[in-house]
Amino acid sequence: MTVLRIRRYPDPVLRARCAPVGTVDEEVRRLLDDMLETMYAAPGIGLAAPQVGVTRRLVVVDVSEEKNAPLRLVDPEIVWRSEETEVAEEGCLSLPDIYGEVRRARAIRLRYRDETGALRELAAEGLLARCLQHELDHLDGVLFIDHLSSVRRNLLLRRYRKGQRAKKAEPARA
């Protein structure tokens, strides 16, 4: 498996609407495995294909404490959302060190194909539901900051840009 480069805001691939995968073949399975390796190395709990520069509808997630319950999702779609919502802090591997309070459905039901191509449904709530909604947003070019007020979003993006400039100005380490 290979650790892939995670794309960072404002890379235009993060705003792309991803194409359906359709057939699950060896190339798709290899990409899903590489995405998991990348997510664990980051470290993170979810990763969508555009975050590694691929505009296909693929997501990997693992919210387990032991990092031993990976989900590989091909062409996922939310088929139901609870009316009950909750607000919690979110971050993103494509916007490192930036966090914001986002309101999302507390529970969802998801339809997807697994790594064998089998059609599956998954009911999720709490952290798993939040993570899945966050990652599926990526497939439509939506970032968690898009769910924030414009004032809060602009404040966070200024802070992010300032942090990125500071990192570029740091001397190279041997």
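Lys168 is not listed as a side-chain neighbour of Arg165, based on a closest heavy-atom distance of 4.5 Å or more. Side-chain atoms of Leu32 and Val60, non-hydrogen and from C-beta on, do get closer than 4.5 Å to each other. Annotation: side chain of Leu119 is in contact with side chain of Arg111 (closest heavy-atom distance under 4.5 Å). No side-chain heavy atom of Arg81 sits under 4.5 Å from any side-chain heavy atom of Arg106. Leu110 has its side chain out of reach of Glu121: every pair of non-hydrogen atoms, C-beta onward, lies at least 4.5 Å apart. Taking the side chain as every heavy atom from C-beta outward, Arg72 and Asp33 approach each other to under 4.5 Å. Using a 4.5 Å heavy-atom cutoff, the side chains of Leu122 and Arg109 are not in contact.
With rounding to the nearest 0.5 Å, the separation of CZ in Phe144 from NE2 in His138 is 9.0 Å. Distance check, rounded to the nearest 0.5 Å: CZ of Arg30 to CD of Glu27 gives 6.5 Å. Atom CG of Asn154 is separated from atom CZ of Arg159 by 12.5 Å, given to the nearest 0.5 angstrom. Going from atom CG of Leu58 over to atom CE of Met35 covers 5.5 Å, rounded to the nearest 0.5 Å. One distance of note links CG of Leu155 with OG of Ser149; it measures 9.0 Å at 0.5 Å rounding. Atom CZ of Arg57 and atom CG of Asp75 lie 7.5 Å apart (nearest 0.5 Å).
Under a 4.5 Å side-chain heavy-atom cut-off, the cluster of Ile, Leu, Val, Met, Phe, Trp and Tyr residues that includes Val87 has no other member. The hydrophobic cluster around Val142 extends to none of the other residues, as no ILVMFWY side-chain heavy atom falls under 4.5 Å of it.
Here the closest non-hydrogen pair linking Cys131 and Val61 is SG-CG1, 3.7 Å. Between Arg56 and Leu139, the shortest heavy-atom distance links the atoms O-CD2, 3.9 Å. Ser82 and Ala105 make their closest contact through O-CB, 3.8 Å (heavy atoms, listed as atom of the first residue, atom of the second, distance). Closest approach of Val59 to Glu135, counting heavy atoms only: CG1-CB, 3.6 Å.
Not a single donor-acceptor pair under 3.5 Å links the side chain of Arg130 to the backbone N or O of Ala107.
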Between side-chain atoms of residues 38-52 and protein atoms elsewhere (two or more places apart, or another chain), which donor-acceptor pairs fall under 3.5 Å?
from: Thr38; atom 1: OG1; to: Leu4; atom 2: N; distance (Å): 2.7
from: Thr38; atom 1: OG1; to: Asp34; atom 2: O; distance (Å): 2.8
from: Tyr40; atom 1: OH; to: Asp62; atom 2: OD2; distance (Å): 2.5
from: Gln51; atom 1: OE1; to: Ala48; atom 2: N; distance (Å): 2.9
from: Gln51; atom 1: NE2; to: Ser94; atom 2: OG; distance (Å): 3.1

### Message
I'd like to know whether Glu101 forms a side chain to side chain contact (heavy atoms under 4.5 Å, CB included) with Glu90, so could you lay out the CA-CA distance, the side-chain angles of the two residues, the decisive distance to 0.1 Å, and finally the verdict.
### Response
CA-CA 6 Å; Glu101 299 283 321; Glu90 291 186 20; over 6 Å; no
### Task
Any chance you could lay out the side chain to side chain contact (heavy atoms under 4.5 Å, CB included) test for Arg161 and Tyr9, step after step, and finish with the verdict?
CA-CA 9 Å; Arg161 288 180 188 111; Tyr9 180 87; 3.5 Å; yes
### Task
Take Val24 and Asp114, measure what side chain to side chain contact (heavy atoms under 4.5 Å, CB included) needs, and give me the verdict at the end.
CA-CA 8 Å; Val24 179; Asp114 67 14; over 6 Å; no
### Task
For side chain to side chain contact (heavy atoms under 4.5 Å, CB included), just list the numbers for Leu95 and Leu157, CA-CA rounded to whole Å, side-chain angles, deciding distance to a tenth of an Å, and then say yes or no.
CA-CA 9 Å; Leu95 280 155; Leu157 287 176; 4.3 Å; yes
### Query
Do Arg104 and Asp137 pass the salt bridge (Lys or Arg N to Asp or Glu O under 4.0 Å) test, and can you show the C-alpha distance, the side-chain angles, and the key distance before you say yes or no?
CA-CA 11 Å; Arg104 297 210 186 256; Asp137 271 357; 3.0 Å; yes
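Around CD of Glu65, the count of heavy atoms belonging to other residues, nucleotides or ligands within 6.0 Å does not exceed 12.
For the pair Asp97 and Lys167, the salt-bridge criterion is met [side-chain N within less than 4.0 Å of a carboxylate O].
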